[in-house]
2 protein chains.
Amino acid sequence: MRWSELESADCPIARALSILGDRWTLMILRDCFFGVHRFEAFQANLGISRTILRDRLAHLVQAGILVQRPYQDRPVRYDYVLSAKGKALNGVMLMLGEWGRTAVDGQPETQIRHRHQTCGHVLTPYVACAACGEEVVAKDVRAVRAA
Amino acid sequence: MRWSELESADCPIARALSILGDRWTLMILRDCFFGVHRFEAFQANLGISRTILRDRLAHLVQAGILVQRPYQDRPVRYDYVLSAKGKALNGVMLMLGEWGRTAVDGQPETQIRHRHQTCGHVLTPYVACAACGEEVVAKDVRAVRAA
DNA sequence: ATAGTCAGTCCATAAACTAAACGCACTTAA
DNA sequence: TTAAGTGCGTTTAGTTTATGGACTGACTAT
């Protein structure tokens, strides 16, 4: 199967992965959440090849996840910043980080975390149900086709 | 940069992506959450090439995310099932699906969703803070190096 | 003038992926 | 007792994608 065929799947995870599911895209977006905006900064941070970086940034802009914002003229140079659609990935990033911290071998205590500004605590994120507010665990969910 | 260098990064997102960050791994895991266990079923479902499937399954087993459970002898055949570490990815999957459903172009209403068995509602997942129980949004989190 | 910055592009090589055929150890049906 | 089927792979050959490094172009600062 061609990867590009996934974008029209009726599974939302498949659709998400058709955009995010390669080796670098999520790393670039992670940098965006950490405040990195510029081509050279992404390249230096990630050690990604410039060709791929160009390609991935273009895709993210095309998908409406990043927007280009000019920060100088002569020559025109752009920042790449998260759109609303990009910021909506925050939950994915937090859960991915939490899994990486707790499940991947290593020293969890030396790793970067987040502070929840509104309550002041170091953040331990979990997924909750909008209807009942309870934590959602794997055994309590069943796939359904929405009405 | 070599992709393999990421696994020792001090960013938990980078570590997570060193395992999950390729074109097929998360799709295979999605299938696991939907109850797919066998080689032929993954292959038929995803249309992935058999070589890659073999490789990805081996990696996931090695990383302790899937475990092989024999379901017959002569010849020995294995199911691939989620370990605790694999099930811990549930939150990532739910948030990825929610983003795919709401942010990626398409008809959200025709897509697969989940039901939250404990309250009976169709699930709309969000990320909450374990300390205060409130929803966590992008602007309220700041990266910190854990003490 | 000389060097430096930033965002790319170009190119040759290397790695990853693909599809389709094949192998092996069985089981079931004719 | 062959013949076909099942399940999980491996092999091969061809295609696609990624990589690293040099290079370009439009500037700015010294």
Side-chain angles (χ1 to χ4, degrees), chain A residues 1-7 9 14 17-29 31-32 35-63 66-82, chain B residues 1-7 9 14 17-32 35-63 66-81:
Chain A
M1 183 194 275
R2 294 281 147 55
W3 184 256
S4 56
E5 293 166 34
L6 281 182
E7 59 200 305
L17 291 176
S18 75
I19 297 175
L20 308 173
D22 74 278
R23 284 217 143 74
W24 290 113
T25 300
L26 280 165
M27 286 296 284
I28 292 168
L29 289 169
D31 268 20
C32 291
V36 176
H37 304 300
R38 298 191 184 170
F39 192 94
E40 292 295 318
F42 289 121
Q43 207 278 319
N45 246 11
L46 301 175
I48 185 177
S49 78
R50 306 174 77 79
T51 322
I52 307 292
L53 179 55
R54 176 86 228 341
D55 188 69
R56 294 300 183 272
L57 287 172
H59 271 109
L60 287 167
V61 168
Q62 231 225 288
L66 296 181
V67 293
Q68 288 181 292
R69 202 179 47 184
Y71 68 87
Q72 68 168 38
D73 303 321
R74 290 194 318 279
V76 192
R77 287 286 134 88
Y78 298 95
D79 275 337
Y80 294 89
V81 300
L82 291 163
Chain B
M1 184 193 275
R2 296 280 148 53
W3 186 256
S4 56
E5 292 167 33
L6 280 182
E7 60 200 304
L17 292 177
S18 76
I19 297 175
L20 308 174
D22 74 277
R23 287 218 140 76
W24 289 112
T25 299
L26 281 165
M27 285 297 284
I28 292 169
L29 289 169
R30 177 205 65 160
D31 268 21
C32 291
V36 176
H37 305 300
R38 298 193 183 170
F39 191 94
E40 291 295 318
F42 289 122
Q43 207 277 319
N45 245 12
L46 302 175
I48 185 176
S49 74
R50 307 174 77 80
T51 324
I52 304 293
L53 178 56
R54 175 86 225 348
D55 188 69
R56 294 301 182 272
L57 288 172
H59 271 109
L60 286 167
V61 168
Q62 231 225 288
L66 296 182
V67 292
Q68 288 180 293
R69 205 178 47 184
Y71 67 87
Q72 68 169 39
D73 304 320
R74 289 194 319 280
V76 193
R77 287 287 131 88
Y78 299 96
D79 274 337
Y80 294 89
V81 300

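The figures that follow rest on heavy atoms only: side chains count, while hydrogens, waters and symmetry mates do not. Proteins get letters first, then strands, A, B, ... in listed order; numbering begins at 1 in each.
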Could you list all N or O pairs between the protein and nucleotides 25-27 of chain D that sit under 3.5 Å apart?
unit_1: D:dG25; atom_1: N2; unit_2: A:Arg77; atom_2: NH2; d: 3.3
unit_1: D:dC27; atom_1: O3'; unit_2: A:Arg74; atom_2: O; d: 3.1

### Task
Would you kindly compare B:Ala41 and A:Ile52 by the position of their nearest DNA chain D nucleotide and give the one closer to the 5′ end?
B:Ala41
I need the [atom1]-[atom2] distance between [X] and [N], as an integer number of Å.
{"X": "A:Arg56", "N": "D:dT19", "atom1": "CZ", "atom2": "C1'", "result": "12 Å"}
{"X": "A:Leu53", "N": "C:dG8", "atom1": "CG", "atom2": "P", "result": "8 Å"}
{"X": "A:Ile48", "N": "D:dT17", "atom1": "CD1", "atom2": "C1'", "result": "13 Å"}
{"X": "B:His37", "N": "D:dG7", "atom1": "NE2", "atom2": "C1'", "result": "16 Å"}
{"X": "A:Gln72", "N": "C:dG8", "atom1": "CD", "atom2": "P", "result": "11 Å"}
{"X": "A:Arg69", "N": "C:dC6", "atom1": "CZ", "atom2": "P", "result": "17 Å"}
{"X": "A:Phe42", "N": "C:dA7", "atom1": "CZ", "atom2": "C1'", "result": "13 Å"}
{"X": "A:Gln43", "N": "C:dT9", "atom1": "CD", "atom2": "P", "result": "14 Å"}

### Message
Is the phosphate of C:dT18 approached by B:Trp24 (side-chain N or O, under 4.0 Å from OP1 or OP2)?
### Response
yes
Not counting sequence neighbours, which residues clear salt bridge (charged side-chain N to carboxylate O under 4.0 Å, His left out) with [X]? List them please.
{"X": "B:Arg30", "answer": "none"}
{"X": "B:Asp31", "answer": "none"}
{"X": "B:Arg23", "answer": "none"}
{"X": "A:Asp79", "answer": "A:Arg38, A:Arg69"}

### Query
Among B:Thr25, B:Asp55, B:Val67, which residue meets the side-chain contact (heavy atoms from CB on, under 4.5 Å) test with B:Leu60?
B:Thr25
### Message
On a heavy-atom basis, which atom in B:Gln43 and which in B:Ile48 lie closest, and how many Å separate them?
### Response
NE2-O, 2.8 Å
### Task
Not counting sequence neighbours, which residues clear side chain to side chain contact (heavy atoms under 4.5 Å, CB included) with A:Glu40? List them please.
A:Arg50
### Task
List for me each residue that meets side chain to side chain contact (heavy atoms under 4.5 Å, CB included) alongside B:Tyr78, sequence neighbours excluded, and say none if there are none.
B:Gln68, B:Pro70, B:Val76
## Note on the structure
Per nearest nucleotide of DNA chain C, the residue lying toward the 5' end, A:Arg50 or B:Arg50, is A:Arg50
### Query
Taking C-beta and beyond as the side chain, do A:Ile28 and A:Val36 meet within less than 4.5 Å on heavy atoms?
no
### Under 3.5 Å donor-acceptor pair, A:Thr51 side-chain atoms to D:dG20 base atoms
yes
### Task
Report the nucleotide, chosen from C:dG8, C:dC17, D:dC8, that has the shortest atom-to-atom distance to any side-chain atom of A:Arg23.
C:dC17
### Query
Taking the side chain of A:Glu40 as its heavy atoms from C-beta onward, which of C:dC6, C:dT9, D:dG20 lies nearest to it?
C:dC6
### Query
What is the distance from atom CG of A:Leu57 to atom CZ of A:Phe39, rounded to the nearest 0.5 Å?
7.0 Å
N/O-N/O pairs, protein side and nucleotides 2-4 of chain C side, under 3.5 Å:
none

### Query
Which part of the nucleic acid does A:Tyr80 contact within heavy-atom distance under 4.0 Å: base, sugar-phosphate only, or nothing?
sugar-phosphate
### Task
Answer with base, sugar-phosphate or nothing: what part of the nucleic acid does A:Tyr71 contact at a heavy-atom distance below 4.0 Å?
sugar-phosphate
